[in-house]
Amino acid sequence: MSKQSVSKWDLFEASFIGPDTGNPYLDVGFEAFFKQNSRVVRVPGFYDGAGAYRIRFMPDNEGEWTYTTISNIAELDGQTGAFVVKAPARASHGPVHVANQFHFAYADGTPYLPFGTTSYAWTHQPLELQAETLKTLSTARFNKIRMAVFPKDYPFNVNEPLFDIFERDDEGELDFDRPNPVAFRHLETQVAALRDLGIEADIIIFHPYDRWGYCDMSAAQDYRYVAYLTARLAAFRNVWWSLANEYDFLLNSKPMAQWDRYFQIIEENDPYRHLKSIHNGDVKANYDHRKPWVSHVCIQNWDVKRTQEWRDAYGKPVVNDEPEYEGNILLSWGNISAEELVHRFWITLLRGGYAGHGETFMHPDDILWWAKGGALHGEAWKRIGFLRDLLEQDVKTGLTPLAPSDNWPWSRVSGAGDGDVVYIYLGEHQPVIWAPGLPTEPGDYDVDLIDTWNMTVTPARIVDAPANHPTRHGAQVRSRRPDAVFAVELPGKPHLAIRVRRRH
(Lines give C-alpha, C1' and ligand atoms only; values in the text may rest on other atoms or scores of the structure.)
Protein backbone atom coordinates (compact mmCIF):
# COMPACT_ATOMS: atom_id res chain seq x y z
CA MET A 1 0.00 0.00 0.00
CA SER A 2 1.53 3.34 -1.07
CA LYS A 3 2.09 6.07 1.49
CA GLN A 4 0.01 9.21 1.50
CA SER A 5 1.73 12.07 -0.32
CA VAL A 6 1.55 15.85 -0.07
CA SER A 7 3.36 18.65 -1.90
CA LYS A 8 6.00 20.73 -0.17
CA TRP A 9 4.40 23.71 1.67
CA ASP A 10 0.94 22.18 1.32
CA LEU A 11 -1.13 20.99 4.26
CA PHE A 12 -0.88 17.46 5.62
CA GLU A 13 -3.66 16.44 8.01
CA ALA A 14 -4.15 13.38 10.18
CA SER A 15 -7.44 12.75 12.05
CA PHE A 16 -8.18 10.63 15.10
CA ILE A 17 -11.23 9.72 17.18
CA GLY A 18 -11.20 10.45 20.89
CA PRO A 19 -13.51 11.47 23.73
CA ASP A 20 -16.35 13.92 23.15
CA THR A 21 -17.57 14.09 26.75
CA GLY A 22 -16.72 16.76 29.29
CA ASN A 23 -14.84 19.62 27.67
CA PRO A 24 -12.16 18.25 25.34
CA TYR A 25 -10.80 21.76 24.77
CA LEU A 26 -9.80 21.91 28.43
CA ASP A 27 -9.32 18.26 29.35
CA VAL A 28 -7.42 16.74 26.45
CA GLY A 29 -3.78 17.40 25.64
CA PHE A 30 -2.87 16.42 22.07
CA GLU A 31 0.21 17.05 19.93
CA ALA A 32 2.52 15.26 17.54
CA PHE A 33 6.19 15.15 16.67
CA PHE A 34 7.04 15.03 12.99
CA LYS A 35 10.42 13.59 12.10
CA GLN A 36 12.66 13.49 9.04
CA ASN A 37 16.04 11.89 9.67
CA SER A 38 17.37 13.60 12.82
CA ARG A 39 15.08 16.61 12.56
CA VAL A 40 12.03 16.71 14.83
CA VAL A 41 9.20 19.30 14.67
CA ARG A 42 6.59 19.66 17.42
CA VAL A 43 3.07 20.40 16.16
CA PRO A 44 0.08 21.07 18.46
CA GLY A 45 -3.19 19.30 17.68
CA PHE A 46 -6.73 20.53 18.21
CA TYR A 47 -10.24 19.31 18.88
CA ASP A 48 -12.60 19.73 15.93
CA GLY A 49 -15.87 18.67 17.58
CA ALA A 50 -17.87 15.41 17.53
CA GLY A 51 -14.95 13.41 18.93
CA ALA A 52 -12.56 14.38 16.08
CA TYR A 53 -8.96 15.41 16.83
CA ARG A 54 -6.65 16.71 14.13
CA ILE A 55 -3.00 17.38 13.53
CA ARG A 56 -1.94 19.66 10.66
CA PHE A 57 1.57 20.02 9.31
CA MET A 58 3.15 22.10 6.56
CA PRO A 59 6.25 20.20 5.36
CA ASP A 60 9.11 22.36 4.15
CA ASN A 61 11.33 19.57 2.81
CA GLU A 62 10.80 16.80 0.31
CA GLY A 63 11.16 13.12 1.15
CA GLU A 64 9.66 10.80 3.74
CA TRP A 65 8.33 12.05 7.06
CA THR A 66 6.95 10.15 10.04
CA TYR A 67 4.93 11.31 13.04
CA THR A 68 3.99 10.14 16.52
CA THR A 69 1.23 11.59 18.67
CA ILE A 70 1.40 12.36 22.38
CA SER A 71 -1.71 12.74 24.53
CA ASN A 72 -2.99 12.32 28.06
CA ILE A 73 -5.78 10.19 26.53
CA ALA A 74 -4.80 6.60 25.78
CA GLU A 75 -6.59 6.25 22.42
CA LEU A 76 -4.89 9.41 21.12
CA ASP A 77 -1.43 8.63 22.47
CA GLY A 78 1.28 6.89 20.46
CA GLN A 79 -0.49 7.03 17.10
CA THR A 80 2.02 6.87 14.25
CA GLY A 81 2.06 7.43 10.55
CA ALA A 82 4.25 8.22 7.55
CA PHE A 83 3.87 10.19 4.35
CA VAL A 84 5.94 11.38 1.40
CA VAL A 85 6.49 15.02 0.48
CA LYS A 86 6.69 15.79 -3.24
CA ALA A 87 8.01 18.83 -5.05
CA PRO A 88 5.95 21.99 -4.50
CA ALA A 89 3.03 22.75 -6.76
CA ARG A 90 3.90 25.10 -9.60
CA ALA A 91 2.12 28.09 -8.06
CA SER A 92 3.45 27.51 -4.55
CA HIS A 93 6.45 29.50 -3.36
CA GLY A 94 6.00 28.71 0.32
CA PRO A 95 5.27 31.03 3.24
CA VAL A 96 6.44 34.65 3.28
CA HIS A 97 9.27 35.67 5.59
CA VAL A 98 11.41 38.77 6.14
CA ALA A 99 14.27 39.11 3.65
CA ASN A 100 17.06 41.68 3.30
CA GLN A 101 16.09 43.21 6.67
CA PHE A 102 13.45 45.62 5.35
CA HIS A 103 11.66 43.45 2.81
CA PHE A 104 9.95 40.10 2.24
CA ALA A 105 10.38 36.97 0.16
CA TYR A 106 8.71 33.60 -0.19
CA ALA A 107 10.47 30.54 1.21
CA ASP A 108 11.84 29.63 -2.23
CA GLY A 109 13.51 33.05 -2.51
CA THR A 110 10.96 34.68 -4.83
CA PRO A 111 10.59 38.36 -3.83
CA TYR A 112 7.28 39.29 -2.24
CA LEU A 113 6.11 42.91 -2.26
CA PRO A 114 2.94 43.25 -0.16
CA PHE A 115 0.11 45.14 -1.85
CA GLY A 116 -2.64 44.56 0.65
CA THR A 117 -6.21 45.58 1.32
CA THR A 118 -8.52 45.47 4.35
CA SER A 119 -11.89 43.77 4.71
CA TYR A 120 -12.26 43.11 8.41
CA ALA A 121 -15.46 41.09 8.62
CA TRP A 122 -15.86 39.66 5.12
CA THR A 123 -15.94 36.05 6.38
CA HIS A 124 -18.88 36.92 8.67
CA GLN A 125 -21.18 38.02 5.85
CA PRO A 126 -23.78 36.01 3.88
CA LEU A 127 -22.17 33.36 1.69
CA GLU A 128 -23.23 35.09 -1.54
CA LEU A 129 -21.39 38.24 -0.50
CA GLN A 130 -18.31 36.23 0.45
CA ALA A 131 -18.32 34.63 -2.98
CA GLU A 132 -18.46 38.10 -4.56
CA THR A 133 -15.51 39.19 -2.41
CA LEU A 134 -13.40 36.28 -3.64
CA LYS A 135 -14.39 37.01 -7.23
CA THR A 136 -13.33 40.64 -6.77
CA LEU A 137 -10.02 39.60 -5.23
CA SER A 138 -9.33 37.24 -8.14
CA THR A 139 -8.77 40.22 -10.44
CA ALA A 140 -7.96 43.18 -8.17
CA ARG A 141 -4.16 42.56 -7.92
CA PHE A 142 -4.02 42.56 -4.13
CA ASN A 143 -1.73 39.90 -2.67
CA LYS A 144 -2.63 40.34 1.02
CA ILE A 145 -5.85 41.00 2.94
CA ARG A 146 -6.34 42.00 6.57
CA MET A 147 -9.26 40.06 8.08
CA ALA A 148 -10.53 39.47 11.59
CA VAL A 149 -11.37 36.22 13.34
CA PHE A 150 -14.05 37.92 15.45
CA PRO A 151 -17.09 39.70 13.97
CA LYS A 152 -17.17 43.46 14.21
CA ASP A 153 -19.65 45.93 15.72
CA TYR A 154 -19.08 49.35 14.21
CA PRO A 155 -20.86 51.86 11.95
CA PHE A 156 -21.77 50.22 8.62
CA ASN A 157 -21.17 46.82 10.23
CA VAL A 158 -23.98 45.97 12.66
CA ASN A 159 -25.39 42.74 11.21
CA GLU A 160 -25.12 39.48 13.10
CA PRO A 161 -22.25 37.23 12.00
CA LEU A 162 -22.71 34.03 10.05
CA PHE A 163 -21.33 31.96 12.97
CA ASP A 164 -20.49 32.49 16.62
CA ILE A 165 -16.77 32.00 17.27
CA PHE A 166 -17.57 30.11 20.49
CA GLU A 167 -20.41 27.70 21.22
CA ARG A 168 -23.42 28.76 23.24
CA ASP A 169 -24.43 27.14 26.53
CA ASP A 170 -27.89 25.95 27.55
CA GLU A 171 -28.87 29.52 28.46
CA GLY A 172 -27.84 30.80 25.04
CA GLU A 173 -24.72 32.57 26.33
CA LEU A 174 -21.37 32.28 24.58
CA ASP A 175 -19.08 29.81 26.35
CA PHE A 176 -15.54 31.13 25.88
CA ASP A 177 -14.15 27.76 26.94
CA ARG A 178 -15.66 26.03 23.89
CA PRO A 179 -14.53 27.24 20.44
CA ASN A 180 -17.14 26.64 17.74
CA PRO A 181 -15.57 24.26 15.19
CA VAL A 182 -18.12 25.24 12.54
CA ALA A 183 -16.91 28.86 12.63
CA PHE A 184 -13.28 27.86 12.47
CA ARG A 185 -13.85 25.43 9.61
CA HIS A 186 -15.49 28.22 7.66
CA LEU A 187 -12.58 30.57 8.37
CA GLU A 188 -10.17 27.90 7.17
CA THR A 189 -12.16 27.38 3.98
CA GLN A 190 -11.79 31.05 3.13
CA VAL A 191 -8.10 31.13 4.07
CA ALA A 192 -7.60 28.22 1.67
CA ALA A 193 -9.56 30.07 -1.03
CA LEU A 194 -7.25 33.06 -0.59
CA ARG A 195 -4.21 30.77 -0.76
CA ASP A 196 -5.43 29.41 -4.08
CA LEU A 197 -5.67 33.01 -5.37
CA GLY A 198 -2.09 33.73 -4.27
CA ILE A 199 -3.25 36.05 -1.47
CA GLU A 200 -1.78 36.18 2.04
CA ALA A 201 -4.33 36.11 4.88
CA ASP A 202 -3.29 38.63 7.55
CA ILE A 203 -5.29 37.19 10.45
CA ILE A 204 -6.35 39.79 13.05
CA ILE A 205 -6.68 37.95 16.37
CA PHE A 206 -8.21 40.71 18.56
CA HIS A 207 -9.98 44.02 17.98
CA PRO A 208 -11.96 46.43 20.20
CA TYR A 209 -15.22 46.65 18.18
CA ASP A 210 -17.34 44.11 20.00
CA ARG A 211 -20.82 43.59 21.41
CA TRP A 212 -20.62 39.82 21.94
CA GLY A 213 -18.14 39.77 24.82
CA TYR A 214 -15.04 38.59 22.97
CA CYS A 215 -13.11 41.57 24.34
CA ASP A 216 -14.02 40.56 27.88
CA MET A 217 -12.60 37.05 27.92
CA SER A 218 -10.23 36.33 30.79
CA ALA A 219 -6.48 36.25 30.19
CA ALA A 220 -6.53 32.43 30.46
CA GLN A 221 -9.33 32.22 27.88
CA ASP A 222 -7.43 34.59 25.59
CA TYR A 223 -4.31 32.45 25.85
CA ARG A 224 -6.23 29.24 25.05
CA TYR A 225 -7.95 30.94 22.11
CA VAL A 226 -4.62 32.13 20.65
CA ALA A 227 -3.11 28.63 21.03
CA TYR A 228 -6.19 26.98 19.47
CA LEU A 229 -6.23 29.40 16.54
CA THR A 230 -2.53 28.82 15.96
CA ALA A 231 -2.94 25.03 16.02
CA ARG A 232 -5.72 25.24 13.42
CA LEU A 233 -4.25 27.77 11.01
CA ALA A 234 -0.46 27.64 11.20
CA ALA A 235 -0.16 24.89 8.59
CA PHE A 236 -1.66 27.16 5.93
CA ARG A 237 1.30 28.66 4.10
CA ASN A 238 -0.44 31.99 3.41
CA VAL A 239 -1.15 32.91 7.05
CA TRP A 240 0.25 36.01 8.77
CA TRP A 241 -0.53 36.78 12.41
CA SER A 242 -1.74 40.26 13.34
CA LEU A 243 -2.21 40.34 17.10
CA ALA A 244 -4.72 43.16 16.89
CA ASN A 245 -6.35 45.91 15.00
CA GLU A 246 -5.81 48.96 17.23
CA TYR A 247 -4.40 47.10 20.22
CA ASP A 248 -4.04 50.31 22.24
CA PHE A 249 -7.83 50.69 22.46
CA LEU A 250 -7.87 47.43 24.45
CA LEU A 251 -5.12 48.21 26.95
CA ASN A 252 -7.63 48.84 29.74
CA SER A 253 -8.67 45.17 29.61
CA LYS A 254 -5.57 43.58 28.04
CA PRO A 255 -2.43 45.14 29.53
CA MET A 256 0.87 45.23 27.66
CA ALA A 257 2.20 42.08 29.33
CA GLN A 258 -0.69 40.13 27.83
CA TRP A 259 0.12 41.35 24.33
CA ASP A 260 3.68 40.17 24.78
CA ARG A 261 2.39 36.81 25.98
CA TYR A 262 0.12 36.40 22.93
CA PHE A 263 3.17 36.75 20.70
CA GLN A 264 5.02 34.16 22.77
CA ILE A 265 2.14 31.67 22.60
CA ILE A 266 2.17 31.90 18.82
CA GLU A 267 5.92 31.33 18.80
CA GLU A 268 5.46 28.27 21.01
CA ASN A 269 2.78 26.77 18.75
CA ASP A 270 3.72 27.87 15.21
CA PRO A 271 6.73 25.82 14.09
CA TYR A 272 6.84 27.65 10.74
CA ARG A 273 7.44 31.09 12.26
CA HIS A 274 4.84 32.90 10.19
CA LEU A 275 5.07 36.69 10.15
CA LYS A 276 3.79 38.40 13.31
CA SER A 277 2.80 42.04 13.83
CA ILE A 278 0.51 44.30 15.84
CA HIS A 279 -1.42 47.41 14.75
CA ASN A 280 -2.03 50.69 16.61
CA GLY A 281 -5.05 53.00 16.71
CA ASP A 282 -3.64 56.28 18.04
CA VAL A 283 -0.71 57.43 15.88
CA LYS A 284 1.25 58.07 19.08
CA ALA A 285 0.72 54.52 20.40
CA ASN A 286 3.00 52.38 18.27
CA TYR A 287 3.90 49.08 19.93
CA ASP A 288 7.61 48.57 20.53
CA HIS A 289 8.26 46.73 17.28
CA ARG A 290 11.88 46.20 18.29
CA LYS A 291 10.79 43.29 20.49
CA PRO A 292 12.22 40.04 19.13
CA TRP A 293 8.89 38.32 18.53
CA VAL A 294 7.70 41.06 16.14
CA SER A 295 8.69 40.27 12.54
CA HIS A 296 7.70 43.58 10.95
CA VAL A 297 6.23 46.98 11.73
CA CYS A 298 2.48 47.30 11.17
CA ILE A 299 1.09 50.77 11.78
CA GLN A 300 -1.77 53.15 11.13
CA ASN A 301 -0.54 56.62 10.21
CA TRP A 302 -1.57 59.11 7.55
CA ASP A 303 1.80 60.91 7.59
CA VAL A 304 3.50 58.59 5.10
CA LYS A 305 6.55 60.81 4.62
CA ARG A 306 7.67 59.45 8.01
CA THR A 307 8.12 55.96 6.54
CA GLN A 308 11.91 56.10 6.55
CA GLU A 309 11.84 57.37 10.14
CA TRP A 310 9.97 54.23 11.26
CA ARG A 311 12.24 52.06 9.14
CA ASP A 312 15.30 53.49 10.85
CA ALA A 313 13.76 53.41 14.35
CA TYR A 314 12.73 49.75 14.29
CA GLY A 315 15.15 48.18 11.81
CA LYS A 316 12.42 46.00 10.31
CA PRO A 317 10.07 46.07 7.31
CA VAL A 318 7.40 48.77 7.60
CA VAL A 319 3.84 48.05 6.46
CA ASN A 320 1.52 51.04 6.88
CA ASP A 321 -1.71 49.08 6.60
CA GLU A 322 -3.87 52.14 7.22
CA PRO A 323 -2.60 55.33 5.58
CA GLU A 324 -6.35 56.22 5.52
CA TYR A 325 -8.97 54.93 3.08
CA GLU A 326 -10.47 56.02 -0.20
CA GLY A 327 -14.14 56.84 0.36
CA ASN A 328 -16.79 59.39 1.31
CA ILE A 329 -18.04 58.48 4.78
CA LEU A 330 -18.23 61.02 7.61
CA LEU A 331 -15.20 59.65 9.47
CA SER A 332 -12.05 61.46 8.34
CA TRP A 333 -9.92 58.32 8.03
CA GLY A 334 -12.40 57.02 5.44
CA ASN A 335 -12.92 59.90 3.04
CA ILE A 336 -9.71 60.68 1.20
CA SER A 337 -9.69 60.70 -2.61
CA ALA A 338 -8.39 57.93 -4.79
CA GLU A 339 -5.69 60.29 -6.01
CA GLU A 340 -4.54 60.90 -2.44
CA LEU A 341 -4.41 57.20 -1.54
CA VAL A 342 -2.41 56.39 -4.68
CA HIS A 343 -0.12 59.31 -3.84
CA ARG A 344 0.45 57.87 -0.35
CA PHE A 345 1.20 54.44 -1.79
CA TRP A 346 3.92 55.85 -4.04
CA ILE A 347 5.47 57.87 -1.22
CA THR A 348 5.49 54.86 1.11
CA LEU A 349 7.01 52.46 -1.40
CA LEU A 350 9.67 54.93 -2.49
CA ARG A 351 10.67 55.55 1.10
CA GLY A 352 11.36 51.87 1.63
CA GLY A 353 8.07 50.70 3.14
CA TYR A 354 4.77 49.15 2.05
CA ALA A 355 1.20 50.43 2.18
CA GLY A 356 -2.32 49.04 2.54
CA HIS A 357 -5.53 49.84 0.68
CA GLY A 358 -9.02 50.31 2.03
CA GLU A 359 -12.29 51.52 0.52
CA THR A 360 -15.19 53.14 2.41
CA PHE A 361 -17.89 54.45 0.07
CA MET A 362 -21.41 54.96 1.33
CA HIS A 363 -23.73 52.17 0.18
CA PRO A 364 -27.53 51.84 0.54
CA ASP A 365 -27.12 48.42 2.16
CA ASP A 366 -23.99 49.33 4.17
CA ILE A 367 -21.80 47.03 2.07
CA LEU A 368 -18.47 48.82 2.44
CA TRP A 369 -15.43 46.93 1.20
CA TRP A 370 -13.36 47.74 4.29
CA ALA A 371 -15.90 45.94 6.49
CA LYS A 372 -17.82 43.43 4.40
CA GLY A 373 -16.09 42.99 1.05
CA GLY A 374 -18.22 42.59 -2.04
CA ALA A 375 -17.33 44.79 -5.01
CA LEU A 376 -14.82 47.63 -5.30
CA HIS A 377 -16.36 50.97 -6.27
CA GLY A 378 -13.33 53.26 -6.19
CA GLU A 379 -10.44 54.03 -8.48
CA ALA A 380 -7.34 53.60 -6.32
CA TRP A 381 -7.16 49.82 -6.59
CA LYS A 382 -6.48 49.96 -10.34
CA ARG A 383 -3.55 52.35 -9.88
CA ILE A 384 -2.21 50.29 -6.99
CA GLY A 385 -2.24 47.26 -9.27
CA PHE A 386 -0.35 49.28 -11.89
CA LEU A 387 2.29 50.15 -9.27
CA ARG A 388 2.57 46.52 -8.24
CA ASP A 389 3.11 45.46 -11.86
CA LEU A 390 5.86 48.04 -12.32
CA LEU A 391 7.75 47.13 -9.18
CA GLU A 392 7.46 43.37 -9.58
CA GLN A 393 9.03 43.80 -12.99
CA ASP A 394 12.01 45.78 -11.68
CA VAL A 395 12.60 45.05 -7.99
CA LYS A 396 14.66 42.01 -7.07
CA THR A 397 15.39 42.46 -3.36
CA GLY A 398 13.50 45.59 -2.22
CA LEU A 399 13.62 49.35 -2.65
CA THR A 400 16.18 51.25 -0.57
CA PRO A 401 15.55 55.00 -0.10
CA LEU A 402 18.03 57.27 -1.84
CA ALA A 403 20.65 58.78 0.43
CA PRO A 404 22.99 61.81 0.19
CA SER A 405 25.61 59.48 -1.27
CA ASP A 406 23.20 58.90 -4.18
CA ASN A 407 23.25 62.63 -4.95
CA TRP A 408 19.92 62.97 -3.15
CA PRO A 409 19.59 66.22 -1.18
CA TRP A 410 15.82 66.25 -0.66
CA SER A 411 13.42 64.99 1.99
CA ARG A 412 10.35 66.43 0.27
CA VAL A 413 10.56 64.19 -2.80
CA SER A 414 10.63 60.38 -2.59
CA GLY A 415 13.24 58.25 -4.31
CA ALA A 416 14.53 54.68 -4.00
CA GLY A 417 16.59 52.16 -5.88
CA ASP A 418 17.29 48.46 -6.18
CA GLY A 419 20.34 47.37 -8.12
CA ASP A 420 20.20 48.87 -11.59
CA VAL A 421 16.84 50.61 -11.22
CA VAL A 422 15.98 53.93 -9.55
CA TYR A 423 12.49 55.36 -9.07
CA ILE A 424 11.85 59.01 -8.20
CA TYR A 425 8.32 60.09 -7.29
CA LEU A 426 7.75 63.84 -7.47
CA GLY A 427 4.33 63.65 -5.83
CA GLU A 428 2.74 67.02 -5.27
CA HIS A 429 5.70 68.79 -6.84
CA GLN A 430 5.52 69.83 -10.48
CA PRO A 431 8.92 70.92 -11.81
CA VAL A 432 9.52 71.30 -15.53
CA ILE A 433 13.02 69.81 -15.25
CA TRP A 434 14.56 67.35 -12.77
CA ALA A 435 18.09 66.07 -12.13
CA PRO A 436 18.73 65.09 -8.44
CA GLY A 437 19.00 61.34 -7.99
CA LEU A 438 19.61 60.71 -11.69
CA PRO A 439 22.89 59.05 -12.75
CA THR A 440 26.11 60.90 -12.00
CA GLU A 441 28.22 58.62 -14.19
CA PRO A 442 27.97 58.30 -17.98
CA GLY A 443 26.39 55.11 -19.23
CA ASP A 444 23.53 53.58 -21.16
CA TYR A 445 20.20 54.14 -19.44
CA ASP A 446 16.53 53.67 -20.20
CA VAL A 447 14.68 56.62 -18.69
CA ASP A 448 10.87 56.60 -18.47
CA LEU A 449 8.25 59.07 -17.33
CA ILE A 450 5.40 57.47 -15.38
CA ASP A 451 2.00 59.06 -15.01
CA THR A 452 0.84 57.39 -11.80
CA TRP A 453 -2.83 58.27 -12.28
CA ASN A 454 -3.26 57.68 -16.01
CA MET A 455 -1.11 54.55 -15.69
CA THR A 456 1.18 55.34 -18.62
CA VAL A 457 4.91 54.76 -19.11
CA THR A 458 6.60 56.78 -21.86
CA PRO A 459 10.26 57.43 -22.74
CA ALA A 460 11.43 60.57 -20.98
CA ARG A 461 12.77 63.59 -22.82
CA ILE A 462 16.46 63.92 -21.86
CA VAL A 463 18.06 67.36 -21.65
CA ASP A 464 21.29 68.77 -20.30
CA ALA A 465 21.40 69.05 -16.53
CA PRO A 466 21.55 72.68 -15.43
CA ALA A 467 24.46 73.90 -13.37
CA ASN A 468 23.67 74.76 -9.77
CA HIS A 469 23.97 78.16 -8.21
CA PRO A 470 26.39 77.84 -5.27
CA THR A 471 24.28 77.63 -2.12
CA ARG A 472 25.41 77.57 1.50
CA HIS A 473 23.50 75.46 4.03
CA GLY A 474 25.41 76.03 7.23
CA ALA A 475 28.85 74.54 6.71
CA GLN A 476 27.78 72.79 3.49
CA VAL A 477 28.21 74.52 0.16
CA ARG A 478 26.46 73.09 -2.88
CA SER A 479 28.81 73.32 -5.83
CA ARG A 480 28.09 74.76 -9.24
CA ARG A 481 28.39 71.41 -10.99
CA PRO A 482 25.21 69.78 -12.29
CA ASP A 483 23.38 67.28 -10.11
CA ALA A 484 23.60 64.53 -12.76
CA VAL A 485 24.96 63.76 -16.23
CA PHE A 486 21.54 64.57 -17.65
CA ALA A 487 18.13 65.88 -16.61
CA VAL A 488 14.56 64.97 -17.48
CA GLU A 489 12.16 67.46 -18.99
CA LEU A 490 8.70 67.28 -17.40
CA PRO A 491 5.23 68.60 -18.31
CA GLY A 492 4.88 70.54 -15.06
CA LYS A 493 2.04 68.61 -13.39
CA PRO A 494 1.89 66.61 -10.15
CA HIS A 495 1.93 62.86 -9.46
CA LEU A 496 4.66 61.94 -11.92
CA ALA A 497 7.48 59.48 -11.42
CA ILE A 498 10.79 58.94 -13.18
CA ARG A 499 12.29 55.49 -13.69
CA VAL A 500 15.95 54.99 -14.64
CA ARG A 501 17.27 51.55 -15.60
CA ARG A 502 20.89 50.89 -16.47
CA ARG A 503 21.43 48.87 -19.64
CA HIS A 504 23.99 46.05 -19.69
Under 3.5 Å side-chain donor-acceptor pair for W241 and S295: no
Judged by modelled atom types alone, do N320 and T348 share a side-chain donor-acceptor pair under 3.5 Å? no
Any side-chain donor-acceptor pair under 3.5 Å between E267 and W293? no
Should K144 and D321 count as an ion pair when the cut-off is N to O under 4.0 Å? yes
Check the side chains of N61 and Q36 for a donor-acceptor pair under 3.5 angstrom, ignoring hydrogens and angles. yes
Answer yes if the side chains of D177 and Y225 hold a donor-acceptor pair under 3.5 Å, and no otherwise. no
Applying ring-ring contact (aromatic ring centres under 6.0 Å, His included), run through Y53 and F16 and close with a yes or a no. CA-CA 5 Å; Y53 295 78; F16 308 89; 8.9 Å; no
Is a donor on one side and an acceptor on the other found under 3.5 Å between the side chain of K316 and the backbone of V294? yes
Does H357 use its side chain to pair, donor to acceptor, with the backbone of G116 at less than 3.5 Å? no
Under 4.0 Å between a side-chain nitrogen and a carboxylate oxygen: does that hold for D260 and K291? yes
Donor-acceptor pair between Q258 and Y223 side chains, under 3.5 angstrom: no
Between F163 and H186 (judged by ring centroids, cut-off 6.0 Å), do the two rings come close enough to count as a pair? yes
Would you say E200 and H274 are linked by a side-chain donor-acceptor pair, where the criterion is simply a distance under 3.5 Å? no
